[in-house]
There are 2 protein chains.
Amino acid sequence: MPKLQQVYVMDNLHRLFFKAFSNQTRLEIIQLLKKKPLTVTEICEKTGFEQSRVSHNLRCLEHCGFVKITQNGNFREYALDGETIIPIVDLFEKHIQKYKERLENCGVIKDD
Amino acid sequence: MPKLQQVYVMDNLHRLFFKAFSNQTRLEIIQLLKKKPLTVTEICEKTGFEQSRVSHNLRCLEHCGFVKITQNGNFREYALDGETIIPIVDLFEKHIQKYKERLENCGVIKDD
DNA sequence: TAGCAATATGATAAAGTTATCATATGCCTA
DNA sequence: TAGGCATATGATAACTTTATCATATTGCTA
């Protein structure tokens, strides 16, 4: 029995949205940008990540509407789109604090 | 320059938490359980997914604190832990509505 | 306008995740 | 307690995601 198209599309978008969050590189970038907007180079310095790694993942975050870019001469400043992202991240803290131990032993999702 | 352990652990837990959401099987299960608690068999029937696929993913959801189990004779009833999960899912709708098109063309995350 | 700094992009190997199949366990009821 | 239904678990092949390397592009500034 096929699902309604609308339902399927919504599920798929949810999934994409969460995937954007479910990677350490992107999460660290989000945490940094929560404090203030930064350029690619600044993000590289603060995280120690390779430049292309940062660029690739910023591109992903931009596609997903998580960050906005301001061109500033030779630099590009990336800022969090605070409207929904910050409230969401904050909501998690509560849950994560509560389920720390279990999350660390899921088995399906790898904890490295 | 090594990161503080505490910071790292938090990021990692965030990541695990979001991964739990970022899969279609689990999302469909969550959407179903949002309406009412169900047994494994009922979830299989409603989704058309294989039994072991459902079981594996329920196990993941339980580890992550998303669902609670009530043994009921031969059956096990799975219920959403509504305290944080439902508010989070609801928060997304807003963001997803706004960024539909972009999410569909991310490039880093695959849209299948 | 040449050269450099900042950022982006493409291809790919390695790592991680998923569904599936086969099988195991647990709990009823006859 | 035997048999069957409901659910769980383990191993694995197929698929997806990731970081990395090499290279391209863009915009300053001398």
Side-chain angles (χ1 to χ4, degrees), chain A residues 11-12 15-30 33 37-64 67-79 103-112, chain B residues 11-12 15-30 33 37-64 67-79 103-112:
Chain A
D11 274 343
N12 204 31
R15 192 175 58 75
L16 291 176
F17 181 76
F18 283 110
K19 266 192 203 297
F21 269 117
S22 65
N23 154 290
Q24 197 190 331
T25 305
R26 293 194 289 274
L27 269 177
E28 289 200 28
I29 292 175
I30 289 168
L33 295 182
L38 296 170
T39 66
V40 177
T41 305
E42 287 170 326
I43 295 171
C44 290
E45 281 163 2
K46 282 175 191 288
T47 57
F49 297 152
E50 276 243 352
Q51 180 266 318
S52 72
R53 176 174 172 188
V54 170
S55 272
H56 277 302
N57 282 289
L58 281 171
R59 184 164 167 284
C60 169
L61 289 175
E62 206 242 327
H63 264 293
C64 298
V67 299
K68 295 218 182 312
I69 308 175
T70 314
Q71 186 86 27
N72 186 357
N74 218 341
F75 298 83
R76 305 186 115 199
E77 200 160 65
Y78 282 86
L103 279 163
E104 275 159 355
N105 293 292
C106 174
V108 172
I109 295 168
K110 199 161 182 183
D111 183 10
D112 44 36
Chain B
D11 274 344
N12 204 31
R15 192 175 60 74
L16 290 176
F17 181 77
F18 284 110
K19 265 192 206 296
F21 271 117
S22 64
N23 154 289
Q24 196 189 332
T25 304
R26 293 194 288 274
L27 269 177
E28 289 200 30
I29 292 174
I30 290 169
L33 295 183
L38 295 170
T39 67
V40 177
T41 305
E42 287 170 326
I43 295 171
C44 290
E45 281 164 359
K46 283 175 190 286
T47 57
F49 296 153
E50 274 244 354
Q51 180 267 317
S52 71
R53 175 177 175 186
V54 171
S55 273
H56 278 302
N57 282 290
L58 282 170
R59 185 165 166 283
C60 168
L61 290 175
E62 205 241 328
H63 264 293
C64 298
V67 299
K68 296 220 183 309
I69 308 176
T70 313
Q71 187 86 28
N72 187 357
N74 218 342
F75 296 84
R76 307 185 114 200
E77 198 159 67
Y78 282 85
L103 280 163
E104 275 160 353
N105 292 292
C106 175
V108 172
I109 296 167
K110 198 161 180 183
D111 182 12
D112 43 39

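What you see is a predicted model; the values in this text were computed from it and never measured. A, B, ... follow the sequence lines: proteins, then strands. Residue 1 opens every chain.
Per the geometry, CD1 belonging to A/Ile29 stands 13 Å off C1' belonging to D/dA19, to the nearest Å. Rounding to whole angstrom units, NZ of residue A/Lys19 and C1' of D/dT18 are separated by 12 Å. Whole-Å rounding puts the A/Gln24 CD to D/dT20 P distance at 12 Å. Put simply, CZ on A/Phe49 is 12 Å from P on D/dT18, counting in whole angstrom units. Rounded to an integer number of Å, the gap from A/Asn23 CG to C/dT17 P is 11 Å. Note: CD (B/Glu62) to P (D/dA8) measures 9 Å, nearest angstrom. In this structure, A/Phe21 places its CZ atom 17 Å from P of D/dT17, rounding to the nearest Å.
Look at A/Asn57 and you won't find any side-chain N or O under 4.0 angstrom from OP1 or OP2 of D/dT18.
Evaluation of the side-chain contact (heavy atoms from CB on, under 4.5 Å) rule for B/Glu45 yields B/Thr41 as partners, not counting sequence neighbours. With sequence neighbours excluded, no residue forms a side-chain hydrogen bond (donor to acceptor under 3.5 Å, both in side chains) with B/Ser22. Scored by the ring pair (Phe, Tyr, Trp, His ring centres under 6.0 Å) test, A/Phe21 finds A/Phe17, A/Phe66, B/Phe18 as partners (sequence neighbours excluded). The side-chain contact (heavy atoms from CB on, under 4.5 Å) check on B/Glu42 picks up B/Leu38, B/Thr39, with sequence neighbours excluded. In this structure A/Gln51 satisfies the side-chain hydrogen bond (donor to acceptor under 3.5 Å, both in side chains) test together with A/Ser55, sequence neighbours excluded.
In this structure a side-chain-to-backbone donor-acceptor pair under 3.5 Å is missing from B/Glu28 to B/Ile30.
Shortest non-hydrogen contact noted between A/Lys19 and A/Arg26 is O-NH2, 2.9 Å.
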If the sugar-phosphate is the primed atoms plus P, OP1 and OP2 and the base is the rest, what is the B/S/- string for nucleotides 2-12 of chain C, using protein heavy atoms under 4.0 Å? ---BSBBBBB-
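Out of D/dG27, C/dT18, D/dA19, the shortest distance to the side chain of A/Gln71 is found at D/dG27.
Nearer to the 5' terminus of DNA chain D, by closest-nucleotide assignment, is the contact made by A/Glu50 (compared with the other of A/Gly73 and A/Glu50). Each of A/Val54 and A/Asn72 was matched to the nucleotide of DNA chain D holding its nearest heavy atom; the match closer to the 5' end belongs to A/Val54.
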